[in-house]
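Because the structure is predicted, anything quoted here is derived from the model rather than measured. Chain identifiers are assigned alphabetically (A, B, ...) following the order of the sequence lines, protein sequences preceding nucleic acid strands; residue numbering begins at 1 within each chain.
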Amino acid sequence: DPAEGRGPRSRTAAVTGAPGPEEPDTYVLEMLPYPSGEPHIGHLKCYSLGDAIAHYCRRRGARVLHPMGYDAFGLPAENHAIRTGVHPRVSTAESIASFQEQFRSWGISIDWSRELATSEPSYYRWTQWIFLELFRAGLAYRSEAAVKWCPNDQTVLANEQVSADGHCERCGAVVEIRQLEQWLLRITDYAERLLSDLDGIDWPDHVKTMQRNWIGRSEGAEVTFRCEELDVDYPVFTTRPDTLFGATFFVMAPEHPDVLRLAEGGPDEAAVREYVNHALTESSEERGRAEKQKTGVPLGRFVTNPVNGERIPMYVADYVLMEYGTGAIMAVPAHDERDHAFAEAFGLPIRRVIAPADEPDAGPEGLPYTGDGVIVGSHSDFDGLPNREALGAIVQWLDREGKGHASVNYRLRDWLISRQRYWGCPIPIVYCDRCGAVPVPEDELPVELPEIDDYMPKGRSPLAAAEDWVNARCPECDGPARRETDTMDTFVDSSWYFLRYCDARNERAAWDPATTREWMPVDQYIGGVEHAILHLMYARFFTKALADLGHLDFQEPFTALFTQGMVTKDGAKMSKSRGNVVSPASIVDRVGADTARCYILFVGPPEQDADWSDEGVDGVFRFLGRLWRLAAEVAERPGGTHGPIASPRSPEGDDLALARKTHWAIDKVGSDLRRFSFNTAIAAVMELLNACSRLREQAELQTLRFAVASAASLLFPFAPHVSSDIYERLTGERVWDQPWPEADEALLETEVYELVCQVNGKVRDRVQARTDAPAQELLALCLAAPNVRAHVDGREIVKEVVIPGKLVNLVVR
RNA sequence: GCGGCGGUGGCGGAACGGUAGACGCGAGGCCCUCAAAAGGCCUUGUCCGACAGGGCGUGUGGGUUCGAAUCCCACCCGCCGCACCA
């Protein structure tokens, strides 16, 4: 069967193709799969996309790096193990075997010699090495902090793994807050570079936008409010220093370390204590509800507003977030909706300091007013100025007085990487009573994950139970020490795998810089949008940090990014619970890998979501069958396999038409591939086949053979098995050894074309015109067209528009 | 609320400001067959019309243009991301 997904050539070596001195090295990379169960349709789409590009690049003469690996540590595997009782090492290995088998059956051209799994000691040894590099550079640090804790998975989560409404991304449980000592990576040091370097990379706008939003850069000022009684300065961040004169109270987050001290001895001390305790236990979901009534408690203390010396009361309230800015705010109820709501609830003064420009005497009505206007009721130096102008002047004044300065604030938080889980990369640190947290010496890496039977989560890492493993010697003083028992977030593993592929078998280093210089950065990265923030931000951070440490000489890991859309069934995400899962294996069994791969690319633009249709699959299956049968029929004709494949020299009539269609397809498929328009590229091959079928009796054998072989050659990146079979039947050659075909410019142009004749912009006729006919002749042709005359006769022609090669438009009255 | 993306036949989707609906699915008719499957041929936006041809058509309303699915303005709807971010 031609469309059967089997074939002798399903394993095209990846880094083949003669490396010519002028040909570039190209790194084509699809995001590595998380091996859980079997590959799903999304994997088929991703790797079909990447393989098409890899093939195209190779046949254009590039050396192509196209590797594969498995993101094999992590929660899903461990949760699966907990459910089934099968050790994650075993279930992960089984799953990897299944992925390998299917990737081979799909015929994805992978360089298997570089295959890796992040759970192998030979890989995570270097993950640990990178951690220690970051530790030495001060980019990995321990900190006790309020952290997000999932009570179901029994682990700490990164901010990024908690959904907007406070649920665990993995299991859906409501997340709690706990105070724990954790390892963090100082990604915030890179906030500005992560933001500005987005400008230089070829990524989809929506991904860049998501990253920009996540980094959340705000320009403003840091302003110091002083608590005279305690002799403490409290800086706040504000984007609106122009409203400083309207600050009538001051609010701290419940997590602010000074809250209890401030309330001590005050009239509301007990109430503050209770409020803080309640806020800390409340889920981020409950706390985050925007429509929630504003609550809070006065601290019984005052701070001084630096611009006017006014004493304003301090409050604790949960609408202020510890993790943004300084955990304290100046409240300007006249010009901030949240502060306004709080002031209303607590009967606090509301003072307008900005008025709309056309209404400088505006009263208290219309508040809160968050728009721009002129400064009022503030200070004689600023009153009457447009607020944006005054903003700069006020900041300068603060700076001169030493009461504040211009400041930039980011929403991005440091990356919390500790996980109290078993199935992850051990953190290579030992704790010594005398020396503290000490890095494991490099020559002792990897710190291997011990084999343990009980990996059930218990609120502390399961590794803590492996006493023999935990007990260690301090590398500095040789005294007794204990190993860190937390493991790393899986996203650490996948933040550098693209580097390891460059030198995957190196046992002495994570990579030889010569190899990353050769291949990196990745020329084309491909994956789902779901990684728009997490993985892609972390990988960029690692790249920059490693470059700063002298291990890399580039700043961005992925020059170009392509994000594929989801594959749905009946309009819904495929899921076991819905029972609408389409398994790639069953499709490949039924119609073959070529059909499956072509269909997933033909169904629509790859960046968009696509709905799976079995009928659509059948249509592609029929197309491949028609192509194969025609090729077989041509090959069986006398002379059907002889001589080189070549465009006919001076074709006429039907031969010319078929040769033209062939060159049209060559041109179209190439340009479509370059713009990721796979669906139209496949449609062009379909059109070529339709032309071949129509002209199979009329055209000369060699013209037909050229057309059919070209169709196969153009289809090879999408359907490698049938295409290479057809090509070899017709030519005796291997299609992957053939350079990508070039269209003959002369045959892309015709000497006559159909001139569209419009009257008042409406098509009224079509006539044959010579390609080189001058405008006057085209105009005459149009005027002579019968149906044009019917619409023009008796009217006055007021304008003639002649677009040679296209149309003539006559404007009549 | 802020930001991003999108809205085209019965369906998936094509269309450098220049023939709207390529290609495929589905549907209808026909051929092959004892019959079916497979395969092949034809039709298929919609309305009027036997044909020729014509009217209407790319979410809505305006605008720019000889000409707009495409560019601009306003709005409606859908999807995605962020959201008490000071």
Side-chain angles (χ1 to χ4, degrees), chain A residues 164-165 204-214 216-218 220 236-240 243 247 251 253 287-292 294 317-321 323-332 335-339 341-342 370 409-413 529-530 532-533 565-566 598-599 602-605 607-620 622-623 625-626 629 668 671 677 679-690 693-694 754-766 786-787 790-791 798-803 805-812:
Chain A
D165 57 357
D205 282 338
H206 66 280
V207 176
K208 289 191 184 183
T209 303
M210 279 195 241
Q211 293 219 347
R212 284 190 190 106
N213 289 344
W214 191 259
R217 184 183 198 273
S218 296
V236 300
F237 174 76
T238 177
T239 54
R240 296 295 304 275
T243 65
V251 192
R287 232 181 108 171
R289 283 197 353 253
E291 68 276 18
K292 193 179 137 179
K294 290 282 177 287
D318 67 1
Y319 82 93
V320 175
L321 309 173
E323 61 264 28
Y324 188 78
T326 61
I329 62 156
M330 64 170 200
V332 184
H335 305 291
D336 181 281
E337 285 173 16
R338 299 149 301 173
D339 296 344
F342 191 87
T370 55
N409 197 60
Y410 300 91
R411 206 186 74 98
L412 184 71
R413 302 289 86 202
V529 239
E530 64 272 20
I533 297 171
M566 220 179 21
C598 270
Y599 170 70
F602 178 68
V603 67
E607 69 277 12
Q608 286 177 24
D609 288 352
D611 200 58
W612 184 271
S613 141
D614 288 331
E615 291 76 23
V617 173
D618 293 342
V620 172
R622 285 196 290 267
F623 157 64
R626 275 199 301 277
R629 284 192 301 275
K668 170 98 176 132
S671 60
S677 186
N679 54 331
T680 54
I682 293 169
V685 181
M686 287 175 173
E687 282 195 55
L688 175 57
L689 172 63
N690 291 344
S693 302
R694 210 162 39 239
E754 198 169 64
L755 179 74
V756 169
C757 306
Q758 297 183 333
V759 179
N760 286 347
K762 284 184 190 288
V763 181
R764 293 304 180 187
D765 221 327
R766 282 152 213 192
N787 201 39
H791 285 86
V798 293
K799 192 174 175 108
E800 295 149 347
V801 180
V802 182
I803 313 291
K806 293 272 183 198
L807 54 78
V808 174
N809 186 19
L810 303 173
V811 184
V812 301

Look at atom CD of A:Glu337 and say whether more than 12 heavy atoms of other residues, nucleotides or ligands are closer to it than 6.0 Å.
no
Let me know the distance between [atom1] of [X] and [atom2] of [N], rounded to the nearest Å.
{"X": "A:Arg217", "N": "B:rG3", "atom1": "CZ", "atom2": "P", "value": "18 Å"}
{"X": "A:Leu810", "N": "B:rC66", "atom1": "CG", "atom2": "C1'", "value": "10 Å"}
{"X": "A:Asp336", "N": "B:rG1", "atom1": "CG", "atom2": "P", "value": "17 Å"}
{"X": "A:Lys762", "N": "B:rG54", "atom1": "NZ", "atom2": "C1'", "value": "10 Å"}
{"X": "A:Ile329", "N": "B:rC84", "atom1": "CD1", "atom2": "P", "value": "13 Å"}
{"X": "A:Phe342", "N": "B:rC84", "atom1": "CZ", "atom2": "C1'", "value": "12 Å"}
{"X": "A:Asp609", "N": "B:rC79", "atom1": "CG", "atom2": "C1'", "value": "9 Å"}
{"X": "A:Lys799", "N": "B:rU65", "atom1": "NZ", "atom2": "C1'", "value": "9 Å"}

Roughly how many Å apart are [M] and [N], using the [atom1] atom of each and rounding to a whole number?
{"N": "B:rC32", "M": "B:rA22", "atom1": "C1'", "answer": "30 Å"}
{"N": "B:rG54", "M": "B:rC72", "atom1": "P", "answer": "33 Å"}
{"N": "B:rG4", "M": "B:rA74", "atom1": "P", "answer": "13 Å"}
{"N": "B:rG26", "M": "B:rG61", "atom1": "P", "answer": "35 Å"}
{"N": "B:rG45", "M": "B:rC31", "atom1": "P", "answer": "24 Å"}
{"N": "B:rG18", "M": "B:rG67", "atom1": "C1'", "answer": "7 Å"}
{"N": "B:rA69", "M": "B:rU19", "atom1": "C1'", "answer": "14 Å"}
{"N": "B:rG9", "M": "B:rC56", "atom1": "C1'", "answer": "14 Å"}

Hunt down the Watson-Crick or G-U wobble partner of [N], both distances under 3.5 Å, from any strand shown, or write none.
{"N": "B:rA52", "value": "none"}
{"N": "B:rA22", "value": "none"}
{"N": "B:rG57", "value": "none"}
{"N": "B:rG67", "value": "none"}
{"N": "B:rC34", "value": "none"}

Looking at residues at least two apart in the chain, or sitting in another chain, which of them share a ring-ring contact (aromatic ring centres under 6.0 Å, His included) with A:Phe623?
none
Closer to the 5' end of RNA chain B via nearest nucleotide, is it A:Asp339 or A:Asp765?
A:Asp765
Has [X] got a side-chain atom pairing as donor or acceptor with [Y]'s backbone, closer than 3.5 angstrom?
{"X": "A:Tyr599", "Y": "A:Ser613", "value": "yes"}
{"X": "A:Arg413", "Y": "A:Tyr410", "value": "yes"}
{"X": "A:Asn679", "Y": "A:Val603", "value": "no"}
{"X": "A:Asp336", "Y": "A:Ala331", "value": "no"}
{"X": "A:Asn809", "Y": "A:Val801", "value": "no"}
{"X": "A:Asn409", "Y": "A:Ser218", "value": "no"}

Which way is the base of B:rG9 turned, syn or anti, if we draw the line at 90° from 0?
syn
Give one of base, sugar-phosphate or nothing for A:His791, where a contact means two heavy atoms less than 4.0 Å apart.
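Sugar-phosphate only.
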Under 4.0 angstrom, heavy atoms only, what part of the nucleic acid is A:Arg764 near: base, sugar-phosphate, or nothing?
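Sugar-phosphate, backbone atoms only, no base.
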Just jot down the side-chain hydrogen bond (donor to acceptor under 3.5 Å, both in side chains) partners of A:Arg622, sequence neighbours excluded, or say none.
none
Passing candidate, side-chain contact (heavy atoms from CB on, under 4.5 Å) with A:Leu810, options A:Gln758, A:Glu800, A:His791, A:Lys799:
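Looking at A:Gln758, A:Glu800, A:His791, A:Lys799, the match for A:Leu810 under the side-chain contact (heavy atoms from CB on, under 4.5 Å) is A:Glu800.
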Every protein N/O lying under 3.5 Å from an N/O of nucleotides 57-59 of chain B:
none

For nucleotides 49-51 of chain B, list the nitrogen or oxygen atoms of the protein found under 3.5 Å from its nitrogen or oxygen atoms, one pair per line.
none

Please work out whether the ring planes of A:Phe342 and A:Tyr319 are parallel, tilted or perpendicular, with thresholds of 30° and 60°.
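The arrangement is tilted - the two ring planes meet at 30° to 60°.
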A:Trp214 CH2 to A:Arg411 CZ distance, which is reported to the nearest 0.5 Å
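Spacing of CH2 (A:Trp214) from CZ (A:Arg411) equals 4.5 Å.
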With a 4.0 Å cutoff (strictly under), does any side-chain N or O of A:Ser218 reach OP1 or OP2 of B:rA86?
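So the side chain of A:Ser218 is within the cut-off, an N or O lying under 4.0 Å from OP1 or OP2 of B:rA86.
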Please walk me through it: do A:Val332 and A:Arg240 pass side-chain contact (heavy atoms from CB on, under 4.5 Å)?
CA-CA 9 Å; A:Val332 184; A:Arg240 296 295 304 275; over 6 Å; no
What residues, two or more places apart in sequence or in another chain, satisfy salt bridge (Lys or Arg N to Asp or Glu O under 4.0 Å) together with A:Asp618?
A:Arg590
Proximity to the side chain of A:Arg629 - top-ranked nucleotide from B:rA86, B:rC82, B:rG39
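Out of B:rA86, B:rC82, B:rG39, the nucleotide with an atom closest to A:Arg629's side chain is B:rG39.
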Whether each nucleotide of nucleotides 14-26 of chain B has a protein heavy atom under 4.0 Å at its base (B), only at its sugar-phosphate (S) or at neither (-) is summarised, 5' to 3', as SSB-BBS-BBSSS
